[in-house]
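Here the structure is laid out as structure tokens; the discussion comes afterwards.
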Amino acid sequence: MRLVVDLNRCQGYAQCAFLAPDVFAMHGDEGLLYDPQAAAAQRERVLQAAAACPVQAILVDGLDLAATAPAAASHGEASDG
Amino acid sequence: MADTALDQLKRSGRVVVVGASLAGLRAAEVIREKGFAGSLTLIGDEPHEPYDRPPLSKQVLLGKADAERTLLPRRRDIDAEWRLGVAATGLDMAARTVKLADGEEVPYDRLLIATGVRARPWPNEAEGELGGVFTLRTREDGVGLARALNAGPRRVLVIGAGFTGSEIASACRERGLEVTVAERGNGPLVGALGGVIGAVAAELQRENGVDLRTGISVTALEGDSTGRVRAAHLSDGTTLECDVVVVGLGAQRNTEWLMGSGLGAGPRGIACDAGCRAFDLRGIVTDDIYVAGDVARSPHALFGYQFLSLEHWGNAVAQAETAAHNMMSESTDRRPHLWVPAFWSSQFGVNIKSVGVPSMGTEIMITQGSRAERRFTGVYGYQGRVIGAVTFDNGRWLQFYEKQIECTAPFPPPFTTVDRRPDGQRPIPADFPDPSVPTHGPTITLSGYSPADRRIATFTPAGH
Ligand SMILES: Cc1cc2nc3c(=O)[nH]c(=O)nc-3n(C[C@H](O)[C@H](O)[C@H](O)COP(=O)(O)OP(=O)(O)OC[C@H]3O[C@@H](n4cnc5c(N)ncnc54)[C@H](O)[C@@H]3O)c2cc1C
Ligand code: SF4
């Protein structure tokens with residue numbers, strides 16, 4: 001699953017690093033490093049982290065989307081590189 | 001109710017987005033969100049779906065993420081026709097068509113241009129093509145540089161200590177690689193943050209074992225018999241052996257494809273109004289062509305209506321959203337792009353953030369923390385008001401200063417008692433380099449009504 005953190009917004013509260021330590025990790029006192037394409041098995045944890053982030057800085061594939069189809073499946077000739 | 005032109009556009013119009021990256025994707029999402037049901041085409045010269053670039057100089061070089069796996073998440077389905085791997089090569093404003101490299105012409109009713117910037121290449125083409133010489137902008141660059149660092153080079157040379165160059169140097173040190181940074185200016189980050197902060201950044205680099213050489217340019221790169229780089233020649237007459245070179249000399253705007261189109265596009269970007277509508281060459285605003293992201297330059301009310309070009313992730317998102325909103329709105333419902341510039345960088349374990357336009361600042365005052373501790377807030381002043389702020393591991397203060405900038409609060413700030421520190425008492429000159437002397441990679445470029453700009457124009461004619 002794809003994700004991105006808006007690091008302008010992120011305040012380094014580290015909630016995400018507690019909830020999904022394989023995907024998010026603090027780097028230094030305040031910086032955050034994350035894996036932009038987490039394994040599918042991490043989905044539940046990543047969604048929890050996104051929900052728990054106090055500043056809503058974590059954007060995950062298709063969260064605003066009602067459809068259940070995996071993202072990118074219907075995007076014509078574009079393919080996952 | 002009468003069927004308006006906007007209703008018709010939304011029902012069956014044609015929207016074309018050129019540049020399929022951060023700004024292009026976010027705009028496409030908002031266009032659909034606004035109820036656009038017509039045809040939406042995204043044209044991108046890279047063969048990939050939109051991906052995120054900031055990880056390329058951070059997670060990817062630290063070996064914590066794969067350069068081929070930074071695709072941007074999708075907020076919604078955009079039901080677009082994708083033309084990837086094909087560049088737009090021309091624009092016919094009268095016929096309202098975009099020409100593609102494969103000869104096709106794509107008609108539009110509304111066009112969004114989000115072609116961004118590319119890495120400025122090493123000026124000597126043959127030297128730039130030596131094996132082991134990189135720039136860092138694209139996924140391919142990221143893959144190549146990560147591989148080169150994995151191979152354990154003996155010494156990496158980074159040319160240019162802007163944000164990208166400094167992040168690369170930081171990643172090298174964290175991986176235990178020897179790295180030299182050559183910077184023409186008197187410190188890292190000086191173009192974006194000035195000499196006072198540049199001095200802190202320089203100490204940070206040296207403490208972390210970077211061989212930082214300031215006031216130095218690289219005059220030539222030298223290859224071995226197999227065409228791989230083996231050394232660099234420096235302006236002080238010395239030679240440095242290195243097997244990987246990263247050229248971090250800033251960016252060039254992708255506007256060449258618009259030459260001759262009549263649009264107000266040039267090396268400084270594409271000028272647009274506060275509503276993201278592009279100007280034509282005559283300075284008249286168009287109503288069907290919009291611009292967003294790194295390629296745009298637009299006037300900002302908070303900064304004297306100067307035209308700002310921002311190479312900022314957050315700007316690409318915010319401007320794309322505003323452009324998309326305006327493309328799908330009646331003129332009275334349009335919004336100005338009044339985003340306060342904001343930027344982050346992560347290097348040597350320090351989280352660096354800024355808001356506003358520090359480079360407009362003539363003075364800086366450390367209002368919290370101290371430079372010696374590498375944890376502080378610096379506030380920039382311009383003509384008696386707060387114009388920008390920077391934090392080193394102090395990001396939670398930034399929102400406060402963003403508000404100060406928005407309400408044009410006075411400088412020096414009256415709340416000096418927040419944190420009594422020796423260097424927190426008084427403003428000092430922010431020490432930005434002369435704007436007519438290029439430094440490596442400032443991330444905000446002011447253009448338009450700047451007196452400095454006029455000076456460049458007036459005092460550099462050939463006869464002098
Ligand atoms: C290594 C790196 C690190 C960064 N780190 C940070 C950071 O820490 N913080 C921050 O705020 N910002 C950072 N940035 C900047 C941020 O990534 C950019 O601001 C952002 O990518 C801008 O998005 P954009 O869509 O406007 O332009 P771009 O991402 O440049 O996309 C433009 C797209 O248009 C394509 N294109 C160009 N010409 C044509 C044509 N004629 N036809 C078709 N397609 C074309 C390009 O190939 C590209 O795919 C970083 C950038 C890089 C490279
Ligand atoms: S929870 Fe949110 S604010 Fe905290 S570190 Fe994670 S992304 Fe940043």
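Atoms considered below: every heavy atom in the structure, side chains included; atoms not considered: hydrogens, waters and symmetry mates. Below, chain A is the first sequence line, B the second, and so on; all start at residue 1.
Side-chain contact check for B/Trp313 versus A/Leu7: every heavy-atom pair is 4.5 Å or farther apart. Residues A/Val4 and B/Pro73 meet the side-chain proximity criterion, which asks for heavy atoms closer than 4.5 Å.
Heavy-atom distances place both the backbone and the side chain of B/Asp393 under 4.5 Å from chain A. For B/Leu398, no part lies near chain A; criterion is any non-hydrogen pair under 4.5 Å. For B/Glu174, the part sitting under 4.5 Å from any heavy atom of chain A is the side chain, from C-beta outward, and nothing else. Only the backbone of A/Leu3 comes within contact range of chain B, with heavy atoms under 4.5 Å apart.
In the displayed structure, B/Gln399 atom CD is contacted under 6.0 Å by at most 12 heavy atoms of other residues, nucleotides or ligands.
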What do the steps show when you test B/Thr70 against A/Gln37 for side-chain contact (heavy atoms from CB on, under 4.5 Å), and what is the final call?
CA-CA 6 Å; B/Thr70 74; A/Gln37 198 164 323; over 6 Å; no
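The most heavy-atom pairs under 4.5 Å with chain A, out of B/Ala342, B/Ser346, B/Pro54, come from B/Ala342.
A/Pro36 approaches B/Arg69 most closely through the heavy-atom pair CB-O, 3.6 Å.
Listed by first and then second residue, the salt bridge (Lys or Arg N to Asp or Glu O under 4.0 Å) pairs that reach into residues 394-406 of chain B come to none, sequence neighbours excluded.
Contacts with chain B (heavy atom to heavy atom, under 4.5 Å) involve these residues of residues 18-32 of chain A, listed by number: A/His27, A/Gly28, A/Asp29, A/Glu30, A/Gly31.
A donor-acceptor distance shorter than 3.5 angstrom exists from the side chain of B/Lys353 to the backbone of A/Asn8, with no hydrogens or angles considered. Under a 3.5 Å cut-off, the side chain of A/Arg2 and the backbone N or O of B/Leu71 do not form any donor-acceptor pair.
The CG atom of A/Leu59 lies 6.5 Å from the CZ atom of B/Arg75; values are rounded to the nearest 0.5 Å.
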